[in-house]
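Keep in mind that the numbers below use all heavy atoms, side chains included, and drop hydrogens, waters and symmetry copies. The first residue in the sequence is number 1, and the count goes up from there. When a ligand or atom number is given, it counts from 1 through the structure's own listing order.
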Amino acid sequence: MTGDLFATADPPASGSEALGPGAFLLHGFAAGDAPALWAALQPLLAQAPLRHMITPSGHRMSVAMTNCGALGWISDRAGYRYEPGDPQNGRPWPPMPALFRRLAQAAAARAGFPDFQPDACLINRYAPEARLSLHQDRDERDLSAPIVSVSLGLPVIFLWGGLKRQEPRQRIRLEHGDVVVWGGPDRLRYHGVLPLQAGHHALLGEQRLNLTFRQAR
Ligand code: SIN
Ligand code: FE2
């Protein structure tokens, strides 16, 4: 797929790849905005520090997480849920910068979801060896809204599975600036991230950051 979708849009830096009827990898879609995203992340991360959350079963996640936006996703002994702030320090999440919101909406629109209104942005930080096991994003109230996922920094292998956990998974390399959007019939696809391989990225250094935009309520 490409032609019609891009006919009236700005010429994309690169193409898009269908990962399903409602899922698209937009190669390099965020590459131009990446320096501004990275700059905007500095005060955000100072205000809402990344931390390793605990799963309901008591495991410490290898990915460090924080959020911006009206709501943020958290995990602790009580479960997975959205909260207006970090229960660990009692502070509200920092507001979602306008640039983040615009980028997420533009990517969603490009993938066929013109009405996306993100109110939550989960910020994941992968250091070498950090990984995310196979899961579905299903804590959002309205599953008709897509997930928009922005990759920054070191490349990683994204696991893209089916609607059932045991279905085969594709291995997809995500590079700096890539955006994946999944919604509609692909909204509950299982996905995960293989352990990050060490390396150096010109802008972000020894890490990968992933921003996932969600319409949580
Ligand atoms: C996620 O599933 O929340 C993050 C996916 C990624 O890091 O690419
Ligand atoms: Fe996810």
Side-chain angles (χ1 to χ4, degrees), residues 17 19-20 22-31 34 37-38 41 45 50-53 55-56 59 61-69 71-75 79-83 93 96 100 103-104 107-108 111 118-141 143 145-165 167 169-183 186-197 199 201 204 206-216:
E17 199 180 313
L19 303 179
F24 301 91
L25 165 50
L26 308 175
H27 289 283
F29 190 87
L37 293 172
W38 178 235
L41 278 161
L45 297 178
L50 290 156
R51 63 184 180 84
H52 297 273
M53 297 191 188
T55 66
H59 293 102
M61 298 179 80
S62 62
V63 178
M65 298 179 171
T66 188
N67 292 273
C68 65
L71 291 173
W73 186 89
I74 66 143
S75 173
Y80 304 134
R81 62 195 182 277
Y82 283 92
E83 291 281 358
W93 306 112
M96 189 185 299
F100 284 34
L103 171 68
D119 53 18
C121 172
L122 174 64
I123 302 168
N124 287 343
R125 198 267 313 273
Y126 298 75
E129 301 305 326
R131 58 187 287 273
L132 197 59
S133 55
L134 207 67
H135 66 279
Q136 293 169 300
D137 291 356
R138 56 183 313 159
D139 302 318
E140 301 72 30
R141 192 166 298 165
L143 296 177
I147 300 287
V148 173
S149 162
V150 176
S151 290
L152 298 171
L154 290 175
V156 83
I157 302 295
F158 184 62
L159 296 176
W160 181 240
L163 294 172
K164 296 198 177 110
R165 183 178 283 281
E167 283 179 54
R169 296 121 209 190
Q170 270 175 267
R171 292 176 168 224
I172 297 166
R173 184 181 162 94
L174 295 183
E175 309 260 7
H176 177 72
D178 285 350
V179 179
V180 185
V181 181
W182 63 93
D186 293 313
R187 179 61 177 74
L188 290 177
R189 297 276 292 261
Y190 276 88
H191 58 280
V193 172
L194 289 185
L196 186 79
Q197 298 214 337
H201 184 268
L204 274 83
E206 327 288 311
Q207 62 182 337
R208 170 178 187 258
L209 287 187
N210 174 260
L211 312 177
T212 44
F213 294 90
R214 298 113 185 280
Q215 204 168 303

Against heavy atoms of [X], which atoms of ligand 1 measure under 4.0 Å?
| X | answer |
| --- | --- |
| Asn124 | 1 (C), 3 (O), 4 (C) |
| Arg208 | 6 (C), 7 (O), 8 (O) |
| His191 | 2 (O) |
| Arg214 | 3 (O) |

What is the nearest protein non-hydrogen atom to [atom], stated with its residue, atom name and distance?
| atom | value |
| --- | --- |
| atom 5 (C) of ligand 1 | Asn210 OD1, 3.7 Å |
| atom 1 (C) of ligand 1 | Leu132 CD2, 3.5 Å |
| atom 7 (O) of ligand 1 | Tyr126 OH, 2.5 Å |

Distance, nearest 0.5 Å, that separates [atom1] of [X] from [atom2] of [Y]:
| X | Y | atom1 | atom2 | answer |
| --- | --- | --- | --- | --- |
| Leu163 | Tyr190 | CG | OH | 9.0 Å |
| Arg125 | Leu41 | CZ | CG | 12.0 Å |
| Lys164 | Arg189 | NZ | CZ | 12.5 Å |
| Leu19 | Ile172 | CG | CD1 | 4.5 Å |

If the plane angle is over 60° it's perpendicular, under 30° parallel, otherwise tilted; pick one for Phe213 and Phe100.
->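 Ring orientation of Phe213 relative to Phe100: perpendicular.
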Are Arg131 and ligand 1 in contact, using a heavy-atom cut-off of under 4.0 Å?
->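 Arg131 does not count as a contact of ligand 1 under the 4.0 Å cut-off.
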Let me know which of Arg173, His176, Arg208, Glu175 forms a side-chain contact (heavy atoms from CB on, under 4.5 Å) with Ser151.
->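 Looking at Arg173, His176, Arg208, Glu175, the match for Ser151 under the side-chain contact (heavy atoms from CB on, under 4.5 Å) is Arg208.
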Partner of Trp73 by side-chain contact (heavy atoms from CB on, under 4.5 Å), out of Thr212, Asn67, Ile123 |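 The single option meeting the side-chain contact (heavy atoms from CB on, under 4.5 Å) with Trp73 is Asn67.
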If we only count N/O pairs under 3.5 Å, is His135 in contact with ligand 1?
->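 For ligand 1, there is an N or O atom that lies under 3.5 Å from one belonging to His135.
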Find, among atoms of Asp137 that are N, O or S, the one nearest to the Fe ion (ligand 2), and state its name.
->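 Atom name of the closest N, O or S in Asp137: OD1.
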